[in-house]
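Because the structure is a prediction, the values reported are computed rather than measured. The basis for the numbers below is simple: all heavy atoms, side chains too, and nothing from hydrogens, waters or symmetry mates.
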Amino acid sequence: MATKLGMMSYFEENGCSGDCGGIGYRRVRDRNLTKPELGHLEKSGIIPLRHLQKFRLASVDGFLTNQRLQFAELFKEGDLVDVSGITIGKGFQGGIRRHNFKRGPMTHGSKSHRALGSIGAGTTPGHVYKDTKMPGRMGGTKTKIRMLRVVKIDNELNVVMIKGALPGKPGNLLRITPAKIVGIT
């Protein structure tokens, strides 16, 4: 689990550049959690954390209860990871922006400039089919960006740089897992 810090340009030793996202994570004050959450954490002997997440492991050998894991212990520079998080919400959008529909003619008396158009047949079937592409809320959904490369790990600042587009705004909670490669993992 990590927090997105922002996007930046990164130049490698061979001169190649790319967009990278910086990631870090902080603990939370006791007063920012509810008493049931604090009780749950105290029962396990864990420091107050805002988000708890379960990760599936092949075996629990080498892990202790209440062990703090460093990112450098799990991953190294050059590893491929999958990053999942909530995308930026764009609000209610029309068909052109949400589904890349083409607009109608703007001249010659046309009255359907940005309108959706037909959404189905008439009497038969007599209803609109499910999952028809129509205007609605865009963004704000959970997504996973796959096969991103870890560029740099800074243990002093507790920051990780990952090459590629990370979902969400700065401050967004991200889940970083080893990349699932078909046929290998």
TODO: Report the distance from atom CZ of Phe101 to atom CG of Leu116, rounding to the nearest 0.5 Å.
DONE: 5.5 Å
Would you tabulate the side-chain donor-acceptor contacts of residues 125-134 under 3.5 Å, counting partners in other chains and residues two or more places apart, or write 'none'?
unit_1	atom_1	unit_2	atom_2	d
Thr132	OG1	Tyr129	O	2.6

Task: Approximate separation, where rounding is to 0.5 Å, of Phe71 CZ and Asp154 CG - done: 12.5 Å
Task: Distance, nearest 0.5 Å, that separates CE of Met7 from CG of Leu166 - done: 5.0 Å
- [ ] Locate the shortest heavy-atom distance separating Asn155 from Ala72; write the atom from each residue and the value.
- [x] OD1-CB, 3.5 Å
TODO: Would you check if the side chain of Asp82 reaches a backbone N or O of Lys180 as a donor-acceptor pair within less than 3.5 Å?
DONE: yes
- [ ] Measure the CZ-CZ distance between Phe75 and Arg149 for me, rounded to the nearest 0.5 Å.
- [x] 15.0 Å
Task: Met106 side chain reached by His113 side chain, heavy atoms, under 4.5 Å - done: yes
Task: Straight-line distance of Arg97 CZ to Arg114 CZ, nearest 0.5 Å - done: 10.0 Å
- [ ] Heavy atoms only: give me the nearest Pro135-Arg98 pair and the separation to one decimal.
- [x] C-NH1, 3.4 Å
Task: Thr87 (side chain) donor-acceptor with Thr141 (main chain) under 3.5 angstrom - done: yes
Task: Reported CG-to-CZ distance for the pair Leu148 and Arg146, which is rounded to 0.5 angstrom - done: 10.0 Å
TODO: Report whether Met138 and Ile119 are members of the same hydrophobic cluster (ILVMFWY, side-chain heavy atoms less than 4.5 Å apart, transitive linking).
DONE: no
Open item on the list: Would you say Val160 ends up clustered with Ile145 if hydrophobic residues are merged whenever their side chains have heavy atoms under 4.5 Å apart, either directly or through other cluster members?
Closed with: yes
Task: 4.5 Å side-chain heavy-atom contact, Met8 and Met161 - done: yes
Open item on the list: Do Lys4 and Lys169 have side chains that approach each other closer than 4.5 Å (heavy atoms only, starting at C-beta)?
Closed with: no
Task: Heavy atoms of other groups near His99 NE2, more than 12 under 6.0 Å - done: yes
Task: Asn172 side chain near Ile86 side chain, heavy-atom distance below 4.5 Å - done: yes
- [ ] For Asp79 and Pro178, indicate whether the former's side chain and the latter's backbone hold a donor-acceptor pair under 3.5 Å.
- [x] no
- [ ] May I ask whether Ile88 and Leu173 are part of the same hydrophobic cluster, defined by side-chain heavy atoms of I, L, V, M, F, W, Y residues being less than 4.5 angstrom apart, directly or through others?
- [x] no
TODO: Return the minimal non-hydrogen interatomic distance between Pro167 and Val83, and the atom names on each side.
DONE: CD-CG1, 4.2 Å
Task: Side chains of Val150 and Ile176 in contact at under 4.5 Å (non-hydrogen atoms) - done: no
